[in-house]
Amino acid sequence: MTRVDQNQRRRRGTGLIALDPAAAFPGFTLFAPLTGGGEVHLVDLAGRTAHRWRLPYRPGRHARIVRGGELAYNGVLPGQRALFPMWHKYRGGVMLRAAPDGTVLWEHRDPRQHHDAHHLEDGGVLYTGLEPLRGAAAGTVLGGVPGSEAGGTTVWADTITEVGPDGGPRWNWRAAEHLDRAEYPLHPDYAREHWPLINSVTPLADGNVLASLRSVSAVVVISRATGEILWRTPPGTVSQQHHPTELADGRLLVFDNGVFRPGHDVPYSRVIEIDRADGTVAWEYHDPARESFFAPFMGSAQRLANGNTLVTDSPAGRLFEVTADGYLCWEYVVPLFGAYAESEVRTLFPAEPNAVFRAYRYTPEELPWLAARP
């Protein structure tokens, strides 16, 4: 008797789904399966594996290519306890760079690092972390589900740290010091275990810092000089968003997840450009059937050199590329499924996912070692 595969995503088909070679941006796509145990894959437009790294830690979110073709990778530090049930889902702790053969060239550890670690071109890293707020300090954080603090007493508040190539600290920012509690309350349906849940951090061209605050639905610009908030998205513009990046014209490209989107009874995800001058949405992509593209958590978008956008529908392990007018010209579904190692995460996510946090497209020129291989 033939049994039906009960994993709906795997059952629908994996690998290359669609390709219009005349419209797609040429190159190779990089991704790290979250349950893959430490593998990073590079595939061509046909979905064929061009290269694979095997690293000693499972992904603490994602990987990307930096200077000279090195792999910047964020891994999960083994042997850590869960600060709260979701901690094992998105924590990291190991930030490293590796050669094409997987040799670790540099490593920095911080057991409280989570979500994003942006590897800088000079060899440093800008990353998100946590610090505990207890007692009266925890009580100042507004919103969330009453009584849902971690361990019943603790709100873990975000920090941002930059270290240099030697691992020494050179900049630090604390949400507890700089965020106005009334302006940045937790959504009422969120647990009070983590505030404001910074899932992305990157430097801007002017030296300030761009950050995504998921649990309060805000993208902000932080002054590197003073720590103050210089700019934020107007309330209601984004909903539980991820991965804002700065475009050449100064606009921000954002993966807008759409959870708890105000004024909408059917959730859907979209990718948008935000004009910082007035906070308006200047460009938007959503699926023609809006409800068919909805990522309740994770997600990313990368603007490519030809004006196309590479989108990561993270929970579905679905990577796709669209043109400026919304034409989908490439689609690939990650064929690698597996269970999370930690029992706390398996309880929350019992299915075997093929999820990836972010994917990136690279030209052959950005991978000089790839062409040089025999």
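Since the structure is predicted, the reported quantities are computational estimates derived from the model, not experimental observations.
Between His119 and Trp106, the two ring planes are perpendicular [angle over 60°; tilted spans 30° to 60°]. The aromatic rings of His187 and Tyr190 lie perpendicular to each other, with more than 60° between the two planes, well past the 30° mark. Ring pair His242/His115 is tilted by interplanar angle, where 30° to 60° counts as tilted. Using cut-offs of 30° and 60° for the angle between ring planes, the His108 and Tyr127 rings count as tilted. Using bins of under 30°, 30° to 60° and over 60° for the plane-to-plane angle, the ring pair Trp87/Tyr90 lands in the perpendicular bin.
Screening Val209, Leu120, Leu210 for a side-chain contact (heavy atoms from CB on, under 4.5 Å) with Thr202, the sole residue that qualifies is Leu210. Tyr332 pairs in a side-chain contact (heavy atoms from CB on, under 4.5 Å) with only one of the listed residues (Leu19, Ile17, Val43), which is Val43.
A distance-only check finds a donor-acceptor pair linking the side chain of Trp171 to the backbone of Arg224 [under 3.5 Å]. Distance alone, capped at 3.5 Å, places no donor-acceptor pair between the Gln113 side chain and the Asp110 backbone. Looking only at distances, a side-chain donor or acceptor of His51 sits under 3.5 Å from a matching main-chain atom of Pro100. No donor-acceptor pair under 3.5 Å is formed between the side chain of Trp156 and the backbone N or O of Leu130. Although no hydrogens or angles enter the test, the distance criterion places a donor-acceptor pair under 3.5 Å between the side chain of Arg276 and the main chain of Gly250. Not one N or O on the side chain of Trp173 forms a donor-acceptor pair closer than 3.5 Å with the backbone of Ile222. Between the Thr233 side chain and the Val219 main chain, a donor and an acceptor come within less than 3.5 Å of each other. In terms of modelled atom types and a separation under 3.5 Å, the side chain of Arg261 and the main chain of Gln240 share no donor-acceptor contact. Within the 3.5 Å criterion, the main-chain N or O of Ile65 finds a donor-acceptor partner in the side chain of Tyr362. Of the possible polar contacts, one joining the Asp116 side chain to the Val201 backbone as a donor-acceptor pair under 3.5 Å is found.
Of all the heavy atoms in Pro335 and Gly15, the pair that sits closest is CB-N, 4.5 Å. Pairing each heavy atom of Phe260 with each of Ser239, the nearest pair is O-OG, 4.0 Å. Residues Ala138 and Leu133 come closest through the heavy atom pair CB-O, 3.3 Å. Ala175 approaches Pro196 most closely through the heavy-atom pair CB-CD, 3.9 Å. Of all non-hydrogen atoms in Arg9 and Pro315, the two that sit nearest each other are NH1-O, 2.7 Å. Here the shortest heavy-atom pairing between Met95 and Arg109 reads CE-C, 4.4 Å.
Cluster annotation: Val145 is not connected to Val155 through the hydrophobic network of ILVMFWY side chains, with a link wherever side-chain heavy atoms come within less than 4.5 Å. Hydrophobic clustering (side-chain heavy atoms under 4.5 Å, transitive across Ile, Leu, Val, Met, Phe, Trp, Tyr) groups Leu252 together with Val281. Under the 4.5 Å side-chain heavy-atom criterion for ILVMFWY residues, a single connected hydrophobic cluster contains both Phe31 and Leu310. Hydrophobic clustering, with ILVMFWY side chains joined whenever heavy atoms are under 4.5 angstrom apart, keeps Leu30 apart from Phe357. Taking hydrophobic clusters as Ile, Leu, Val, Met, Phe, Trp and Tyr residues chained together by side-chain heavy-atom distances below 4.5 Å, Leu16 does not share a cluster with Phe320.
Here the side chains of Pro78 and Val76 are not in contact, with every heavy-atom distance at 4.5 Å or above. Here the side chains of Ser217 and Gln241 are in contact, with some heavy-atom distance below 4.5 Å. Counting heavy atoms from C-beta outward, Trp53 and Asp101 have side chains that stay 4.5 Å or more apart. For the pair Leu370/Phe28, a side-chain contact is recorded, criterion being any heavy-atom separation below 4.5 Å from C-beta on. For the pair Thr14 and Val334, the minimum side-chain heavy-atom distance is 4.5 Å or more. Residues Trp330 and Leu328 are not in side-chain contact: their nearest non-hydrogen atoms beyond the backbone lie 4.5 Å or more apart. Using a 4.5 Å heavy-atom threshold, the side chains of Asn74 and Val94 count as separate.
Rounding to the nearest 0.5 Å gives a distance of 5.5 Å between CG of Asp206 and CG of Leu204. Rounding to the nearest 0.5 Å gives a distance of 10.5 Å between CG of Leu96 and CD of Glu70.
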* To do: Determine, step by step, whether Glu149 and Thr154 satisfy the side chain to side chain donor-acceptor pair (under 3.5 Å) criterion, reporting the C-alpha distance in whole Å, the side-chain angles of both residues, the deciding distance to 0.1 Å, and the verdict.
  => CA-CA 5 Å; Glu149 291 82 0; Thr154 304; over 6 Å; no

* Asked: So Leu71 and Val40, side-chain contact (heavy atoms from CB on, under 4.5 Å) or not? Walk me through it.
  -> CA-CA 9 Å; Leu71 183 78; Val40 180; 4.1 Å; yes

* Evaluate side-chain contact (heavy atoms from CB on, under 4.5 Å) for Thr29 paired with Leu319, printing each intermediate quantity in order. => CA-CA 9 Å; Thr29 303; Leu319 319 178; 4.0 Å; yes

* Audit row: Arg232, Asp180, salt bridge (Lys or Arg N to Asp or Glu O under 4.0 Å) steps and yes/no -> CA-CA 12 Å; Arg232 69 162 291 175; Asp180 186 299; over 6 Å; no

* **Derivation and outcome, salt bridge (Lys or Arg N to Asp or Glu O under 4.0 Å), residues Glu342 and Arg58** => CA-CA 11 Å; Glu342 297 88 353; Arg58 82 165 175 87; 3.0 Å; yes

* For side chain to side chain donor-acceptor pair (under 3.5 Å), just list the numbers for Asn199 and Ser212, CA-CA rounded to whole Å, side-chain angles, deciding distance to a tenth of an Å, and then say yes or no. => CA-CA 6 Å; Asn199 56 32; Ser212 167; 2.8 Å; yes

* side chain to side chain donor-acceptor pair (under 3.5 Å) evaluation trace for Thr153 with Arg134 -> CA-CA 6 Å; Thr153 61; Arg134 299 186 176 96; 4.8 Å; no

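Between Arg112 and Asp158 there is no salt bridge, since no side-chain N of the basic residue sits under 4.0 Å from a carboxylate O of the acidic one. In this structure, Glu121 does not pair ionically with Arg67, as no charged nitrogen and carboxylate oxygen lie closer than 4.0 Å. With respect to the salt-bridge test (charged N to carboxylate O, under 4.0 angstrom), the residues Arg10 and Glu352 qualify. We find that Asp5 and Arg11 are not joined by a salt bridge, their nearest charged nitrogen and carboxylate oxygen being 4.0 Å or further apart.
Geometric assessment of Arg346 against the ring of Tyr340 yields a negative cation-pi assignment under the 6.0 Å and 45° thresholds. Relative to the ring axis of Tyr268, Arg270 does not place its NZ or CZ within 45° and under 6.0 Å from the centre.
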Please tabulate, for the side chains in residues 20-27, all donor-acceptor contacts under 3.5 angstrom to protein atoms that are two or more places apart in sequence or on a different chain.
{"unit_1": "Asp20", "atom_1": "OD1", "unit_2": "Ala22", "atom_2": "N", "d": "3.1"}
{"unit_1": "Asp20", "atom_1": "OD2", "unit_2": "Tyr327", "atom_2": "OH", "d": "2.7"}

Show which side-chain atoms of residues 292-306 pair as donor or acceptor with protein atoms under 3.5 Å away, not counting sequence neighbours.
{"unit_1": "Ser292", "atom_1": "OG", "unit_2": "Asp287", "atom_2": "OD1", "d": "3.0"}
{"unit_1": "Ser292", "atom_1": "OG", "unit_2": "Ala289", "atom_2": "O", "d": "2.8"}
{"unit_1": "Ser300", "atom_1": "OG", "unit_2": "Thr312", "atom_2": "OG1", "d": "2.9"}
{"unit_1": "Gln302", "atom_1": "OE1", "unit_2": "Arg361", "atom_2": "N", "d": "2.8"}
{"unit_1": "Gln302", "atom_1": "NE2", "unit_2": "Arg361", "atom_2": "O", "d": "3.2"}
{"unit_1": "Arg303", "atom_1": "NE", "unit_2": "Thr309", "atom_2": "OG1", "d": "3.0"}
{"unit_1": "Arg303", "atom_1": "NH1", "unit_2": "Glu273", "atom_2": "OE2", "d": "2.8"}
{"unit_1": "Arg303", "atom_1": "NH2", "unit_2": "Glu273", "atom_2": "OE2", "d": "3.1"}
{"unit_1": "Arg303", "atom_1": "NH2", "unit_2": "Thr309", "atom_2": "OG1", "d": "3.2"}
{"unit_1": "Asn306", "atom_1": "OD1", "unit_2": "Asn308", "atom_2": "N", "d": "3.0"}

